[in-house]
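First the structure, in the form of structure tokens, and then the observations on it.
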Number of protein chains: 2
Amino acid sequence: MSHAVEPGSVRPGGRTARVRASVLRAAGDVLAEAGFTQLDLADVARRADVGKTTVYRRWGTVTNLVTDLLLDMAEQSLPRADTGTLLGDLTANAQLVQRTLTDPRQAALFKAIIAAATGDTRTAQALHRFYDTRISEWAPCVEQAIERGEVPADTDAREVIRAVSAPLYYRLLVTAEDLDEATADRAAQAAVVAARAGAYRQRTANAS
Amino acid sequence: MSHAVEPGSVRPGGRTARVRASVLRAAGDVLAEAGFTQLDLADVARRADVGKTTVYRRWGTVTNLVTDLLLDMAEQSLPRADTGTLLGDLTANAQLVQRTLTDPRQAALFKAIIAAATGDTRTAQALHRFYDTRISEWAPCVEQAIERGEVPADTDAREVIRAVSAPLYYRLLVTAEDLDEATADRAAQAAVVAARAGAYRQRTANAS
DNA sequence: CCTCTAACGGTACTGTGGTTCCGTTAGAGT
DNA sequence: ACTCTAACGGAACCACAGTACCGTTAGAGG
């Protein structure tokens with residue numbers, strides 16, 4: 001097991017960082033233009049003006065590259081809203097997600113990652129962690145709503161946030177129906193109504 | 001343009017049908033065991049006791065094979081429920097979907113198809129048609145609920161059905177959270193509550 | 001400024017996914 | 001039953017994604 005260390009981890013500055021940035025940018029380009037299946041490491045290397053060997057050494061597989069792309073994106077997180085009402089906050093969240101999934105570049109990336117996660121455990125973990133932190137960032141909206149008495153006290157905050165995203169991702173991946181602002185608003189509205197009615201109460205408290 | 005005809009379409013009976021069945025079964029096996037990325041046509045041919053050439057001639061790519069698998073599955077459609085209440089019907093639907101996505105074989109197939117559809121237009125079309133018919137089968141539940149006065153008259157029936165599935169698929173593909181009966185019940189419950197509150201009214205009538 | 005080596009990158013190589021060729025098998029029509 | 005050919009299947013073949021090798025470049029530390 002002479003697995004040594006990952007290339008790029010010992011000297012992460014200077015040239016190494018430039019190469020990484022250049023490769024990730026090129027990979028994003030290919031993804032947006034041609035999609036996941038067309039992503040070929042040699043091609044990425046060419047576009048990034050980087051040696052093919054380097055790309056294979058540092059990423060090795062398409063899946064790893066896509067995962068790294070996700071981690072890179074995870075760093076720029078957008079702050080949650082605080083509009084004073086649950087509907088306002090969730091609408092802001094829904095629209096943020098909607099805009100993300102409508103942007104060609106980001107949509108392609110998310111599709112690629114989700115497709116890759118389907119068949120690779122490590123990618124799946126990265127994906128779950130990504131959404132875990134995103135959901136944690138927005139959950140306080142629901143907690144505030146609980147304090148304001150808008151929804152039952154035992155509401156599962158994270159589940160409400162997921163309920164907002166679910167229909168949007170469903171459209172992106174499964175249905176390919178229009179994904180516009182109205183859809184986002186509707187998703188937020190439905191989540192609020194359901195939450196008020198107690199549909200997202202903690203399971204443990206829900207033993208009939 | 002000597003595209004002739006698709007092999008298997010002129011003489012669809014007898015041996016041809018046997019080969020198709022055998023290959024699809026083998027493909028399903030691989031999918032369930034090892035996932036989409038491991039699906040290699042030569043391997044499928046070996047397992048199906050069929051010539052590698054045959055598989056390449058008739059399907060050509062992994063994507064085509066997976067699409068064919070979906071079409072094959074689309075033929076056995078399950079009838080919708082009719083329990084007398086919207087909640088009852090949607091719960092039945094949610095549990096049906098939940099059971100499907102929990103079954104290892106079917107879950108793997110759906111993941112594979114959705115992943116493939118991500119990067120291939122033809123597969124995407126097949127996928128959309130599949131869900132289109134499924135949704136059409138269940139939409140009457142909502143229409144009956146409209147007649148009973150359970151939900152507003154201008155409720156978008158198909159959107160309600162989609163709302164039931166969305167959180168389940170979201171879990172399957174994005175979140176990997178538990179996907180049990182309680183989740184299904186909750187999805188149905190949330191959809192009903194939101195529908196009653198008018199969250200799924202037709203857009204055209206919703207111009208503020 | 002000099003050294004040391006992590007990381008890069010060109011070239012040559014290899015294994016395998018996919019194709020081509022052509023002979024064989026077995027349904028469908030008469 | 002006999003014929004005709006769609007469809008199958010083995011084997012040789014090929015292109016190219018992925019690997020191995022090794023010399024070169026450029027950050028980091030003294």
Side-chain angles (χ1 to χ4, degrees), chain A residues 2-27 30-31 34-68 72 112 116 119-120 122-123, chain B residues 2-27 30-31 34-68 72 112 115-116 119-120 122:
Chain A
S2 63
H3 200 285
V5 278
E6 293 268 291
S9 59
V10 177
R11 275 184 190 174
R15 178 171 57 168
T16 299
R18 276 201 306 281
V19 165
R20 182 173 120 107
S22 178
V23 168
L24 292 187
R25 202 178 42 65
V30 176
L31 232 49
F36 178 56
T37 44
Q38 307 303 316
L39 198 60
D40 154 48
L41 295 197
D43 181 43
V44 169
R46 226 173 298 125
R47 287 181 181 238
D49 269 312
V50 157
K52 170 181 156 182
T53 315
T54 300
V55 175
Y56 276 103
R57 181 171 37 236
R58 284 194 53 188
W59 289 279
T61 67
V62 171
T63 290
N64 286 340
L65 180 55
V66 166
T67 304
D68 199 19
D72 188 60
D120 181 73
R122 277 174 33 75
T123 307
Chain B
S2 62
H3 199 287
V5 279
E6 292 268 290
S9 60
V10 176
R11 274 186 193 173
R15 177 170 60 167
T16 300
R18 278 202 305 280
V19 165
R20 183 173 119 106
S22 177
V23 168
L24 293 187
R25 202 179 41 64
V30 176
L31 232 48
F36 178 57
T37 44
Q38 307 304 317
L39 196 60
D40 156 46
L41 295 198
D43 182 41
V44 169
R46 224 172 300 125
R47 287 180 180 239
D49 268 311
V50 156
K52 170 179 156 182
T53 315
T54 299
V55 175
Y56 276 103
R57 183 173 33 237
R58 284 193 53 188
W59 288 278
T61 67
V62 170
T63 289
N64 286 341
L65 180 54
V66 165
T67 304
D68 200 18
D72 187 60
D120 180 73
R122 276 173 35 75

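Throughout, a chain's letter reflects where its sequence line sits, starting with A, and its residues are numbered from 1.
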Review item, nucleotides 22-24 of chain C N/O atoms under 3.5 Å of protein N/O:
none

(Q) List the residues meeting side chain to side chain contact (heavy atoms under 4.5 Å, CB included) with B/Ala26, not counting sequence neighbours, and say none if there are none. (A) B/Val44, B/Arg47, B/Ala48

Q) Out of curiosity, A/Asp68 CG to A/Thr123 OG1, how far, rounded to the nearest 0.5 Å? A) 11.0 Å

Q: Quick one: pull up NZ in B/Lys52 and CG in B/Asp40 and give me the separation to the nearest 0.5 Å.
A: 8.5 Å

Q: Sequence neighbours left out, what passes side chain to side chain contact (heavy atoms under 4.5 Å, CB included) with B/Ala34? Give chain and number order.
A: B/Gln38

Q) Are side-chain heavy atoms of A/Arg20 and A/Thr16 found at a separation under 4.5 Å? A) no

Q: Using whole Å, report how far CG of A/Leu39 lies from C1' of D/dA17.
A: 13 Å

Q: Would you kindly give the CZ-to-P distance between B/Arg20 and C/dA26, to the nearest whole Å?
A: 21 Å

Q | Atom-pair distance (CD on B/Gln38; P on C/dG17), nearest Å | A | 11 Å

Q: Starting at atom CZ of A/Arg58, determine the distance to atom P of C/dG9, rounded to an integer number of angstrom.
A: 10 Å

Q: Name all residues meeting the side chain to side chain contact (heavy atoms under 4.5 Å, CB included) criterion together with B/Thr61; count only those two or more places apart in sequence or in a different chain, and write none if there are none.
A: B/Thr63, B/Asn64

Q.
Using a 4.0 Å cut-off on heavy atoms, which residues in residues 45-55 of chain B reach DNA chain C? List them by number, or say none.
A. B/Lys52, B/Thr53

Q: Please report, rounded to the nearest Å, how far the P atom of D/dG18 is from the CG atom of A/Asp43.
A: 12 Å

Q: Take atom CG of A/Leu65 and atom P of D/dG18, then tell me their distance rounded to the nearest Å.
A: 12 Å

**Q.** Short side-chain N/O contact from B/Arg18 to OP1 or OP2 of C/dG27, under 4.0 Å
**A.** yes

Q) Could you give the angle between the helix axes at the two ends of the helix from C/dC1-D/dG30 to C/dT30-D/dA1, with five pairs per end, rounded to 10 degrees? A) 50°

(Q) Quick one, B/Trp59 and B/Val23 - any side-chain contact, counting heavy atoms below 4.5 Å? (A) yes

Q: State, yes or no, whether a side-chain contact exists between A/Asp120 and B/Thr37 at a heavy-atom distance under 4.5 Å.
A: no

Q: Provide the closest heavy-atom pair for B/Leu39 versus B/Val62 in the form atom of the first, atom of the second, distance.
A: O-CG2, 3.3 Å

Q: Indicate whether OP1 or OP2 belonging to D/dG18 is found under 4.0 Å from a side-chain N or O atom of A/Tyr56.
A: yes

Q) Which heavy atom of B/Ala112 sits nearest a heavy atom of B/Leu31, and at what distance? A) CB-CD2, 3.8 Å

Q. So, for A/Ala42 and A/Tyr56, which heavy atoms are closest and what is the spacing to 0.1 Å?
A. N-OH, 4.2 Å

